Amino acid sequence: MSEIRDTVILGSGCAGLTAAIYTARAGLKPLVLEGHEPGGQLSITTLVENFPGWPEGIQGPELIDNMKKQAQRFGATFELAHLNAVKVDAHPIRLHTSIGEILTRTLIVASGASARWLGLPSEQALIGHGVSSCATCDGFFFRGKEIAVVGGGDSAMEEALFLTRFAAKVTVLHRREHFRASKIMLERAIAHPNIELRTNTVVDEVLGVEEKEMRGLMIRNVKTGETCKLDVHGLFLGIGHEPNAKMFAGQLDLDEDGYIKTTSNVLTTRQGAIVPGVFACGDVQDRRYRQAITAAGSGCMAALETEKFLEERGR
Ligand code: NDP
């Protein structure tokens with residue numbers, strides 16, 4: 001019979017690492033399964049200027065590395081593994097992972113959300129060098145410059161409106177004629193003097209790979225087939241996020257976009273009833289704020305709920 005752990009944390013971004021620090025300090029010897037993107041979204045960001053405590057800002061990967069070391073200092077262990085399948089209503093909870101079966105009394109789901117990308121090699125090569133999926137994180141670096149936002153939903157409109165605080169001009173590129181965004185958001189974007197909306201337009205290439213700095217976009221009108229260069233210094237993707245929760249379908253309640261539904265912020269449910277011992281924190285259950293600090297905060301809450309849950313059961 002394999003060892004039954006007190007707690008396993010799924011995901012090693014801000015939420016998972018904060019949960020690891022707290023549960024490790026509580027003596028629960030958490031095991032963190034680092035997942036497909038170790039370190040989460042911060043590990044692909046450059047300068048983080050809005051995480052309290054770093055007056056000059058800190059590089060995303062360094063912030064993540066510090067959190068990991070902090071958790072390890074208190075006894076958290078890490079495995080470069082991911083979850084294949086799970087049975088949350090078993091006691092103990094059974095996790096089928098890439099390193100074998102793991103049994104645990106509690107599970108903290110901090111598997112995050114991944115930004116959707118266009119998938120162009122030039123876009124991937126320039127992430128952090130002009131290409132970003134987070135206006136709140138990186139908008140500041142484009143003061144006085146011209147930038148483009150891709151997408152036709154509320155995220156794209158919100159990003160475009162936010163980016164007008166810094167950018168000289170924002171061009172929204174949308175692949176269709178009609179927008180998915182809510183009327184109010186769309187109207188605000190249309191009314192803004194520094195926003196131009198271009199429909200039926202796709203990005204074929206991000207320029208500047210050799211220079212390691214974005215130098216514009218090659219765009220194409222899908223109706224006419226006409227291509228041209230758009231002189232912008234930044235590209236923001238506003239085409240949505242995918243919560244990493246597919247493995248919980250049928251096990252936990254997910255909303256219509258696949259985010260884990262929680263009550264009291266981190267308590268998970270199944271068919272509306274609380275699932276004992278399974279907590280969700282960070283972006284996998286938060287479509288609204290999606291900030292490093294809010295993810296860290298909910299990781300702390302999930303850890304405190306875990307401690308309480310085990311204590312109430314005499315552990
Ligand atoms: P949506 O799925 O609503 O919109 C995604 C947009 O990106 C669509 O216009 C889609 O185009 C486009 N898109 C997707 N994939 C590609 C691609 N490969 N290439 C080009 N374009 C692409 O996601 P959002 O993140 O905008 O919104 C998600 C939810 O969150 C919504 O319910 C929204 O209302 C909500 N939200 C609310 C906000 C608010 O109220 N302040 C702010 C942000 C989000 P197409 O239309 O052709 O499919």
Side-chain angles (χ1 to χ4, degrees), residues 40-41 44-45 50 112-127 130-139 147-165 170-192 195-207 214 216-228 230 232 234-246 253-262 280 282-292 294-295 298:
Q41 293 182 60
I44 56 162
T45 320
N50 55 8
S114 305
R116 280 193 205 125
W117 299 95
L118 298 173
L120 300 169
S122 53
E123 164 207 56
Q124 295 297 304
L126 289 168
I127 291 173
V131 177
S132 169
S133 63
C134 178
T136 344
C137 322
D138 299 328
I147 56 184
V149 170
V150 179
D154 281 336
S155 289
M157 297 311 133
E158 194 172 61
E159 291 208 345
L161 287 160
F162 178 80
L163 288 166
T164 58
R165 296 183 195 184
V170 180
T171 306
V172 176
L173 307 171
H174 179 39
R175 64 183 176 184
R176 287 191 299 139
E177 184 74 38
H178 299 288
F179 287 91
R180 198 179 283 274
S182 54
K183 194 163 174 278
I184 183 163
M185 298 284 281
L186 184 58
E187 279 172 356
R188 271 187 213 152
I190 290 170
H192 200 291
I195 295 181
E196 182 191 346
L197 301 169
R198 286 205 194 189
T199 53
N200 300 310
T201 303
V202 294
V203 176
D204 278 342
E205 200 185 342
V206 187
L207 306 173
M214 191 181 149
L217 295 174
M218 285 309 294
I219 57 171
R220 176 167 45 91
N221 183 305
V222 290
K223 287 243 161 110
T224 64
E226 198 183 314
T227 60
C228 69
L230 188 67
V232 284
L235 171 67
F236 284 81
L237 281 303
I239 60 176
H241 283 78
E242 297 268 359
N244 300 317
K246 285 197 180 80
D253 291 337
L254 305 182
D255 73 10
E256 65 283 3
D257 292 319
Y259 288 83
I260 295 178
K261 283 192 187 174
T262 52
D283 287 11
V284 74
Q285 52 85 57
D286 171 24
R287 62 157 69 243
R288 189 174 175 85
Y289 299 107
R290 299 197 296 242
Q291 299 300 299
T294 50
S298 71

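In each ligand, atom 1 is the first atom listed, and ligand 1 is the first ligand listed. Note that the coordinates shown come from a computational prediction; the quantities given were computed from them, not determined experimentally. Position 1 is the first residue of the sequence; numbering continues from there.
Between Val284 and Pro243, the shortest heavy-atom distance links the atoms O-CB, 4.3 Å.
Evaluation of the side-chain contact (heavy atoms from CB on, under 4.5 Å) rule for Ser122 yields Leu120, Glu205, Val206, Val209 as partners, not counting sequence neighbours.
Going from atom CZ of Arg290 over to atom OG of Ser133 covers 9.0 Å, rounded to the nearest 0.5 Å.
For ligand 1, the 4.0 Å heavy-atom shell contains residues Leu118, Gly151, Gly152, Gly153, Asp154, Ser155, Glu158, His174, Arg175, Arg176, Arg180, Met185, Ile239, Gly240, Arg287.
Side-chain contact between Arg288 and Tyr259: absent, with no pair of heavy atoms (C-beta onward) separated by less than 4.5 Å.
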Show your working on side-chain contact (heavy atoms from CB on, under 4.5 Å) between Arg175 and Val222 and close with a plain yes or no. CA-CA 8 Å; Arg175 64 183 176 184; Val222 290; 5.9 Å; no
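When each of Ile219, Val202, Leu217, Leu235 is tested with Val150 by the rule side chain to side chain contact (heavy atoms under 4.5 Å, CB included), just one qualifies, namely Leu235.
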